[in-house]
Structures are given as structure tokens and as C-alpha cells.
Amino acid sequence: MTSAGFASLENEVMCVESNQAILADVSSGKVPIFEPELENLVNKCIKNQKLQFTDQIKDVLEFAEVIFICVGTPQAEDGKADLRQIESVAIDIAENLHGYKLLVEKSTVPIGTHIRLKNTMSRHLKGKIGFDIACVPEFLREGNALKDFFNPDRVILGIESENSKKLLQDIYKDFECPKIWTNPATAELIKYASNGFLAMKISYSNMLADICEATGADVDSLIEGIGQDSRIGKEFINPGVGYGGSCLPKDVSAFIDIFDQNNVNNGLLKEVDSINRLRPHRIITKLKSSIKNLENKRIAVWGLAFKPNTDDVRNAPSLEVVNKLIEEKVTVNCHDPQAINQFKKALNKNTNLTFFDDMYESARDCDALIILTEWPDYMATNLDELKAKMSNPLIVDGRGIFKPSEIQKSGFEYKAFGLKENNN
Ligand code: UDX
């Protein structure tokens, strides 16, 4: 997204990609992930000769003065950010460097990574060659990447030299949002602090949903009631089956580790994480409160992607829910408008799993339907058609997409986060 975004703003961009299959795809204008409008943008930029691809770091170093490093920093087994990819890029750059470059960390990296990169670079440089490191963290949301790229709320620019500032000022000249110039360590921290805060809002709302369930308070009015306070805001307070994806879970985990490393209390973040981890299990508990023995039951699961408008299933609640259903010997019928292929790869086992292109067909003869992603198609469900297909009209809704009063009128038993069990 970053490369196509900059290329569409009349910059000359060259991307280096070492995975040959991905390189072949993107070079021919095929984007290997589902991201609305991104493929069109990439094709437009290739056609205008603003965007090109290579597998050689040497080509990029000859071509550009500013290098954005966008590699993954996945979660290592111990919860920390795994920096092997970014380290290896730094070595590759250093070994091929012949003149000044500005290296910009776009990937989410722990505080101090710019120093680590500087040291790695210095160890591998062939001679005395100048370079700068800056940190300009990425805040793109999957499924919303184009909008977020062209209309960011802010751009954070962590720099250490006047030259870095000059180069980045030019690259970001078309962005009219606030620009926050700071040092690289603070820029690195801002990314974790933002994602940690978003995760905290979601876990807080999930905790509120639980107290609504216990007391019978109305969860929708509660969320509306707090969201109307401009100091709180309406976004990221929707309760449900929890946050997933490639960022929030791993960033919260890495942020917890950063606090540990610095001997700073991180109890709040740990609670945010543990509330989130329990959400998928609560789906099964809700299901079992209606169907005590799940063995040999047939259950439909709608929504495999971690959120709508993406085919990404990384850390998606669906993985845990479906695995649990398989353990309980349930026959599972899965539906998702985009994420079926990714889900098949991620799950790695397919006992008792069937995938459907038609959401209503997936519910045929089912004892229950579980909803885990708020895809627009699901929100527009024809409830009569759905009910006619199912053998038992039970919906466990992990995203609260229906109004309880309306769905109960149509004869469904309806369970969702925040609804008191005996009211369901
Ligand atoms: C996130 C950050 O928003 C983005 O700034 C950063 O660059 C990358 O990480 P993304 O992972 O694409 O983006 O998804 P996001 O839209 O943040 O949603 C994350 C998860 O939170 C999803 O599983 C979503 O369903 C869940 N969520 C979101 C809720 O459960 N409730 C909400 O109110 C909002």
C-alpha cells in the first residue's frame, strides 16, 4: 500500500521483494491480498511507470535516496516482536551501500530498534558511508488502507537529522494532516501506545458488555451513552468476540514485553490482553447454555476473517472458535465472503469442516449459527429464509449485528455479548 500510495502521488517508487511468487504477482499488477481498490491503484501506478519491482536490493539502492522498510515484525514465541526480517534487510542494505541513504522504519518495532539498526548497519558497512534512520510508523487499517493512506489523522515522523527532515518534508508535502516531528524512539513508542489504547478501548467495552449481561442493563444504550461523550468517542467501543488481526494482538503482547524489559508496571495491558483471549471461549459457553452436548451437532459459522473487508484470518477469533467446535466433535459449516482460502491454510486440519459460497446454504439443517464477523451481507440477512433452512433457530452472535427485539420477533433464540442470558 505504501509503495502504491507514494507512486500515485507522483513519486518514482521501486519495491524490492525477495519472495518470487509475490514478486511475480505484484509485477503483473496482481495484489496477493484482498484490499478494496488496492489492485486498481497498483495497476494505475505500473501503467504510469511510477511503480516498479525488483528482487535486488542493489537496484533499489541505485534508484532511491529514501528507503522505507515495511517488512513484518511478527510475534515471536515469547511474545516479543521478532526482528529477524528487519535485521536481515539492514544487513543487506549495509553490504550494498555506496552512498548516503535515509532508511525509514515503517514496520512496528520496539523502542530502540533504530539504535539496533544503526549498530547492525555500522557492523556491515563496507567503508565510511553516511546514513540516517527515521521512524514513520504505519497506521493503516486492513480493509481501509487506501482511505487511511491518503487521509491519515496524523503522520508521526521520528528523525535525528536536518537532512532526514528535509527529505521527509518533501515526501509528505501533499499530506495536510497534522505532522508530529519527534525523535525515532518516541515515534516507535507512539505506534505501540496507539494500538495499545485501541485494544484497551475494545477490552473495556467487552468488560462493560459482561456487566450488562450480569445485570440486564442495555448494552446498546450503554455504548451509545458513553460514545456520545466526545472525550471518549464512538469508535472502537463495540463489544464482541474480541480484537484479532495481524496488529492489535501482537502489538499488545510486544508492548507488555517492552514494559517488562523496562521494569515498568504493565498490569493494565495484561488485563486488556487477557479479557480479549477469553472472548472466543465465551462464544462456546453461550452456545452450550442452549445446547449442552455439542457432539454430532451441525453448526454454521459465518465470518472467518478477523474483520469485514479483508481476507486476513491472522489471530481471527474464528480460528479458536472453529478449533473448539472440532474438539467438541461438531460438524462445522463455514462461510465467509473472502477469507475461506486463507482460513483453510491457517487451520491446517479439516475434519468435519465444510465450506460454502452461499451463506444460507451453509446454515441448512444446522442446530445453531455462530456469527464472528460483521460482513454487510450478514447484516442484511433475510431472517425468514435463514430460519427456514435451519433445523434449530439459534443464533450466537459474536458481533451483535441484529437488534434483539427484531430477531426475537422472527422466532430465533438469540444470544449476543451484553444480553442477559435469561432474556435471550
Ligand atoms: C489496526 C489499527 O487500527 C491500525 O491503526 C494499525 O495500523 C494496524 O492495526 P487492523 O488490524 O487493520 O488495524 O484492524 P482494526 O480495524 O484496528 O480492528 C482490529 C480488531 O478489533 C478487529 O478484529 C475488529 O473486529 C476489532 N474491533 C474493532 C472490535 O472488536 N470492536 C471495535 O469497536 C473495533
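Along the sequence shown, the residues carry numbers beginning at 1.
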>> Surrounding NZ of Lys44 (heavy atoms of other residues, nucleotides or ligands, distance under 6.0 Å), is the total greater than 12?
In response: no
> Can Glu87 and Arg116 be counted as an ion pair, charged N to O under 4.0 angstrom?
Replying inline: yes
>> Determine whether a donor-acceptor pair (N or O, by modelled atom type, separation under 3.5 Å) exists between the side chain of Glu17 and the backbone of Asn19.
In response: yes
> If you look at every heavy atom in Leu61 and Lys101, which pair is closest and at what distance?
Replying inline: O-NZ, 2.7 Å
>> I'd like to know if Lys409 and Glu406 make a salt bridge, using a cut-off of under 4.0 Å between side-chain N and carboxylate O.
In response: no
>> Determine whether Leu369 and Leu386 satisfy the following criterion, side-chain contact (heavy atoms from CB on, under 4.5 Å), listing intermediate values before the conclusion.
In response: CA-CA 10 Å; Leu369 163 66; Leu386 176 65; 3.7 Å; yes
>> Show the nearest heavy-atom pair for residues Phe150 and Ser8, with the distance to one decimal.
In response: CZ-OG, 3.2 Å
>> Return the CG to NZ distance between Asn43 and Lys47, rounded to the nearest 0.5 Å.
In response: 9.5 Å
> Can you check whether Val60 reaches Thr54 side chain to side chain, under 4.5 Å on heavy atoms?
Replying inline: yes
> Which atom names give the shortest non-hydrogen contact between Tyr414 and Ile401, and what distance separates them?
Replying inline: OH-N, 3.8 Å
> Asn48 versus Cys45: any side-chain heavy-atom pair under 4.5 Å?
Replying inline: no
> What about Tyr378 and Phe402, are their ring centers closer than 6.0 Å?
Replying inline: no
> Can you pull the side-chain hydrogen bond (donor to acceptor under 3.5 Å, both in side chains) pairs that have at least one residue in residues 195-213, sequence neighbours excluded?
Replying inline: Asn195-Asp251, Asp210-Arg279, Asp210-Arg282, Glu213-Arg282, Glu213-Lys286
> Is Lys297 salt-bridged to Asp367, cutoff N-O under 4.0 Å?
Replying inline: no
>> Taking ring-ring contact (aromatic ring centres under 6.0 Å, His included) as the cut-off, I'd like each qualifying pair that reaches into residues 256-280, sequence neighbours left out, listed once.
In response: Phe255-Phe259
>> Please check: side-chain N/O of Glu105 versus main-chain N/O of His114, any donor-acceptor pairing under 3.5 Å?
In response: yes
> Do the non-hydrogen side-chain atoms of Met121 and Ile93 ever get within less than 4.5 Å of each other?
Replying inline: yes
>> Using a strict threshold of under 4.0 Å (side-chain N to carboxylate O), is an ion pair present between Glu327 and Lys324?
In response: yes
> Which is it for Lys191 and Phe139 under the side-chain contact (heavy atoms from CB on, under 4.5 Å) test, yes or no, and what are the steps along the way?
Replying inline: CA-CA 8 Å; Lys191 176 64 198 254; Phe139 293 99; 3.7 Å; yes
> Where the side chain of Ser107 meets the backbone of Gly72, is there a donor-acceptor pair that is under 3.5 Å apart?
Replying inline: no
>> For the CZ atom on Phe63, are there more than 12 heavy atoms of other groups (residues, nucleotides or ligands in this structure) within a distance under 6.0 Å?
In response: yes
> Is His335 close to Val301 at the side-chain level, that is, under 4.5 Å between some pair of heavy atoms?
Replying inline: no
>> Closer than 3.5 angstrom, by distance alone: can the side chain of Asn262 be matched with the main-chain N or O of Ile258 as a donor-acceptor pair?
In response: yes
>> Can you give me the closest heavy-atom contact between Glu35 and Ala145, atom names plus distance?
In response: OE2-N, 3.0 Å
> Do side-chain atoms of Asn392 reach the backbone of Ala368 as a donor and acceptor pair under 3.5 angstrom?
Replying inline: no
> Got a salt bridge between Asp365 and Arg298, using NZ or NE/NH1/NH2 to carboxylate O under 4.0 Å?
Replying inline: no
>> Quick one: does any side-chain atom of Asn323 pair with a main-chain N or O of Leu319 as donor and acceptor, under 3.5 Å?
In response: yes
>> Between Asp384 and Lys387 (salt bridge meaning N to carboxylate O under 4.0 Å), is one present in this structure?
In response: no
> For Met359, does its backbone N or O pair with a side-chain atom of Trp302 as donor and acceptor, under 3.5 Å?
Replying inline: yes
>> For the backbone of Asp92 and the side chain of Asn96, can you confirm whether one donor and one acceptor N or O come within less than 3.5 Å of each other?
In response: yes
>> More than 12 heavy atoms of other residues, nucleotides or ligands under 6.0 Å from CD of Gln20: yes or no?
In response: yes
>> The criterion is side chain to side chain donor-acceptor pair (under 3.5 Å); which residues satisfy it with Ser27, sequence neighbours excluded?
In response: none
>> Just verifying a value: how many Å separate Lys50 NZ and Ser3 OG, rounded to the nearest 0.5 Å?
In response: 14.5 Å
> Nearest heavy-atom pair of Arg314 and Phe306: which atoms, and what distance?
Replying inline: O-CB, 4.1 Å
>> Within the 4.5 Å heavy-atom criterion, are Phe343 and Asp336 side-chain neighbours or not?
In response: no
> So do Leu294 and Leu287 actually touch side chain to side chain, heavy atoms under 4.5 Å?
Replying inline: yes
> Is any side-chain heavy atom of Lys420 closer than 4.5 Å to a side-chain heavy atom of Thr215?
Replying inline: no
> Can you check whether Gly143's main-chain N or O pairs, donor with acceptor, with Lys147's side chain at less than 3.5 Å?
Replying inline: no
> Under 3.5 Å, is there a donor-acceptor pair between the side chain of Thr310 and the main chain of Asp312?
Replying inline: yes
>> Under the side-chain contact (heavy atoms from CB on, under 4.5 Å) test against Pro239, which residue among Leu208, Ile202, Ile223 passes?
In response: Ile223
>> Arg399 vs Asp397, test: side-chain contact (heavy atoms from CB on, under 4.5 Å). Steps then yes/no.
In response: CA-CA 6 Å; Arg399 296 293 177 186; Asp397 183 353; 4.0 Å; yes
> Quick one: CD on Glu138 to OG1 on Thr108, what's the gap to the nearest 0.5 Å?
Replying inline: 8.5 Å
> Got a second to check how far Leu278's CG is from Glu320's CD, nearest 0.5 Å?
Replying inline: 9.5 Å
>> More than 12 heavy atoms of other residues, nucleotides or ligands under 6.0 Å from CG of Asp229: yes or no?
In response: yes
> Hey, mind stepping through Tyr243 and Phe236 against ring pair (Phe, Tyr, Trp, His ring centres under 6.0 Å) and telling me if it holds?
Replying inline: CA-CA 10 Å; Tyr243 57 80; Phe236 275 73; 9.5 Å; no
>> Would Val136 and Ile156 count as a side-chain contact (heavy atoms from CB on, under 4.5 Å) here? Give the steps.
In response: CA-CA 6 Å; Val136 182; Ile156 309 293; 5.9 Å; no
> So, are Lys30 and Glu39 salt-bridged, with charged N and O less than 4.0 Å apart?
Replying inline: no
> Do other residues, nucleotides or ligands put more than 12 heavy atoms under 6.0 Å from Glu295 CD?
Replying inline: yes
> Which heavy-atom pair separates Ser362 from Asn333 by the least distance, and what is that distance?
Replying inline: O-ND2, 2.9 Å
> Roughly how far apart are Trp181 CH2 and Tyr172 OH, rounded to 0.5 Å?
Replying inline: 9.0 Å
> In Å and rounded to the nearest 0.5 Å, what is the OG1 to CD1 distance from Thr182 to Ile159?
Replying inline: 9.0 Å
>> Measuring only between side-chain heavy atoms, which start at C-beta, is Ser194 closer than 4.5 Å to Arg154?
In response: yes
>> Among Ile86, Val104, Val109, Ile133, which residue satisfies the side-chain contact (heavy atoms from CB on, under 4.5 Å) criterion with Ile69?
In response: Ile86
>> Between Lys307 and Glu142, does any side-chain N to carboxylate O distance fall below 4.0 Å?
In response: no
> Can the positive tip of Lys344 be found less than 6.0 Å from the middle of the six-membered ring of Phe355, inside 45° of the ring normal?
Replying inline: yes
